[in-house]
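Working notes, beginning with the structure itself.
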Number of protein chains: 2
Amino acid sequence: MIAKTPTPPYYAVIFTSTRLDDDGIAYSKTANRMVELAETMDGFLGVESAREEVGITVSYWSSLAAIRNWKYQMEHVEARDNGREFWYKCFKTRICLVERDYGFEKM
Amino acid sequence: MIAKTPTPPYYAVIFTSTRLDDDGIAYSKTANRMVELAETMDGFLGVESAREEVGITVSYWSSLAAIRNWKYQMEHVEARDNGREFWYKCFKTRICLVERDYGFEKM
């Protein structure tokens, strides 16, 4: 699903990663849980995710404070630690101000 | 591949889309050509892409002027027109200023 975000400005966190080889069970369970949990956070605006050679998850937030609260949410900190230890070969996180957006929907 | 972008600030264009059903041949050919072409543009810094339920392509640029030059590159305009007419059910384009980034690579 394409996230239904409000009129800019708002923030985006682009998280790009490559995975280590494993069965993916614990990873998938945690990834799903993190989306569920993010949705409960103040200032959460939406999320988009896809994985092929790389995984890209973009989450949208109303402010830098909301991003920071999410970063330090306890269960998320634990998931991030597991990510570094068990799941990711590498990742990059980019904190962005969305200045402008436009879209298209086929009639 | 995770894009090797310079120290922020720089720009990101997040392009999220859902596809119409078709054989995907012309689409894939054009998508590959657009990456090849973007790489020749001044100010292009890198690109990351993945598709599952949604497709997410994030391209990175040195300036808004570079993004604008790419938007109006002739072959790209033609591809965008074909996208609206034949390939996409819907899409959203978000122009973002990357303010901060950090990464991790497993040793």
Side-chain angles (χ1 to χ4, degrees), chain A residues 1-21 31 45-61 64 67-68 71 80-81 83-107, chain B residues 1-21 31 45-61 64 67-68 71 80-81 83-107:
Chain A
M1 290 276 291
I2 297 181
K4 295 192 188 313
T5 41
T7 305
Y10 53 88
Y11 282 87
V13 179
I14 306 170
F15 178 77
T16 312
S17 64
T18 57
R19 289 264 286 112
L20 294 169
D21 285 330
L45 302 176
V47 64
E48 296 162 346
S49 200
R51 176 173 297 280
E52 288 183 300
E53 190 202 344
V54 298
I56 306 175
T57 297
V58 189
S59 58
Y60 300 101
W61 301 89
L64 289 175
I67 292 170
R68 192 178 164 81
K71 183 173 182 179
R80 291 198 287 112
D81 288 345
R84 286 172 194 263
E85 190 162 4
F86 303 118
W87 300 326
Y88 294 120
K89 192 170 162 203
C90 51
F91 68 73
K92 187 125 187 161
T93 302
R94 295 178 173 96
I95 314 292
C96 314
L97 177 66
V98 181
E99 297 184 343
R100 200 158 59 81
D101 65 12
Y102 55 89
F104 163 86
E105 185 158 7
K106 196 115 191 154
M107 302 306 281
Chain B
M1 289 277 289
I2 298 180
K4 294 191 188 315
T5 40
T7 305
Y10 53 88
Y11 282 87
V13 179
I14 306 171
F15 178 77
T16 311
S17 63
T18 56
R19 290 264 285 113
L20 294 169
D21 284 330
L45 302 176
V47 64
E48 296 161 347
S49 200
R51 177 173 296 280
E52 287 183 300
E53 190 200 345
V54 298
I56 306 175
T57 297
V58 189
S59 58
Y60 300 101
W61 301 88
L64 289 174
I67 293 170
R68 192 178 164 81
K71 183 173 182 178
R80 291 198 288 111
D81 288 345
R84 284 171 195 264
E85 190 162 2
F86 303 118
W87 298 326
Y88 294 120
K89 192 170 163 203
C90 51
F91 68 73
K92 186 124 189 161
T93 301
R94 296 177 173 97
I95 314 292
C96 314
L97 177 65
V98 182
E99 298 185 343
R100 201 157 57 82
D101 65 11
Y102 55 91
F104 163 86
E105 185 159 6
K106 197 111 190 157
M107 302 304 282

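Residue numbers start from 1 in every chain, and the chains themselves are labelled A, B, ... in the order their sequence lines are given, proteins ahead of strands.
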What's the shortest heavy-atom distance between [X] and [Y], and which atoms?
{"X": "B/E52", "Y": "A/A50", "value": "OE1-CA, 3.5 Å"}
{"X": "B/I56", "Y": "A/S49", "value": "CD1-N, 3.6 Å"}
{"X": "B/V54", "Y": "A/M1", "value": "CG1-N, 3.1 Å"}

Check: With respect to chain B, which residue among A/M107, A/E53, A/K106 yields the maximal number of heavy-atom pairs within a distance under 4.5 Å?
Finding: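 Ranked by contacts with chain B, first place is A/K106.
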Would you list the atom pairs, donor with acceptor, under 3.5 Å between side chains in residues 84-94 of chain A and any protein atom, with sequence neighbours excluded?
| residue | atom | partner | partner atom | Å |
| --- | --- | --- | --- | --- |
| A/R94 | NE | B/T5 | OG1 | 3.4 |
| A/R94 | NE | B/Y10 | OH | 2.7 |
| A/R94 | NH1 | B/E48 | OE2 | 3.1 |
| A/R94 | NH1 | B/Y60 | OH | 2.9 |
| A/R94 | NH2 | B/A3 | O | 3.0 |
| A/R94 | NH2 | B/T5 | OG1 | 2.7 |

Item checked: Validation row: A/V58, B/T16 side chains within 4.5 angstrom (heavy atoms) -> no
Item checked: With A/R80 via salt bridge (Lys or Arg N to Asp or Glu O under 4.0 Å) - residues at least two apart ->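 Applying salt bridge (Lys or Arg N to Asp or Glu O under 4.0 Å) to A/R80 gives none.
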Check: Taking the side chain from A/E99 and the backbone from B/I95, do they hold a donor-acceptor pair closer than 3.5 Å?
Finding: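 Not a single qualifying donor-acceptor pair exists.
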Item checked: Option that, when pairs with chain A are counted at under 4.5 Å, heavy atom only, ranks first among B/V13, B/I2, B/T18, B/V98 -> B/I2
Note to self: Counting only non-hydrogen atoms closer than 4.5 Å, does B/L97 touch chain A with its backbone (N, CA, C, O), its side chain (CB onward), both, or neither?
What the structure shows: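 Both backbone and side chain.
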Check: Side chain, backbone, both or neither: which part of B/Y11 has an atom under 4.5 Å from a heavy atom of chain A?
Finding: side chain
Check: Looking at CG of B/L64 and CZ of A/R100, how far apart are the two atoms once the value is rounded to the nearest 0.5 Å?
Finding: 7.5 Å
Note to self: Is A/I14 close to chain B through its backbone or its side chain, or both, or neither, when contacts mean heavy atoms under 4.5 Å?
What the structure shows: side chain
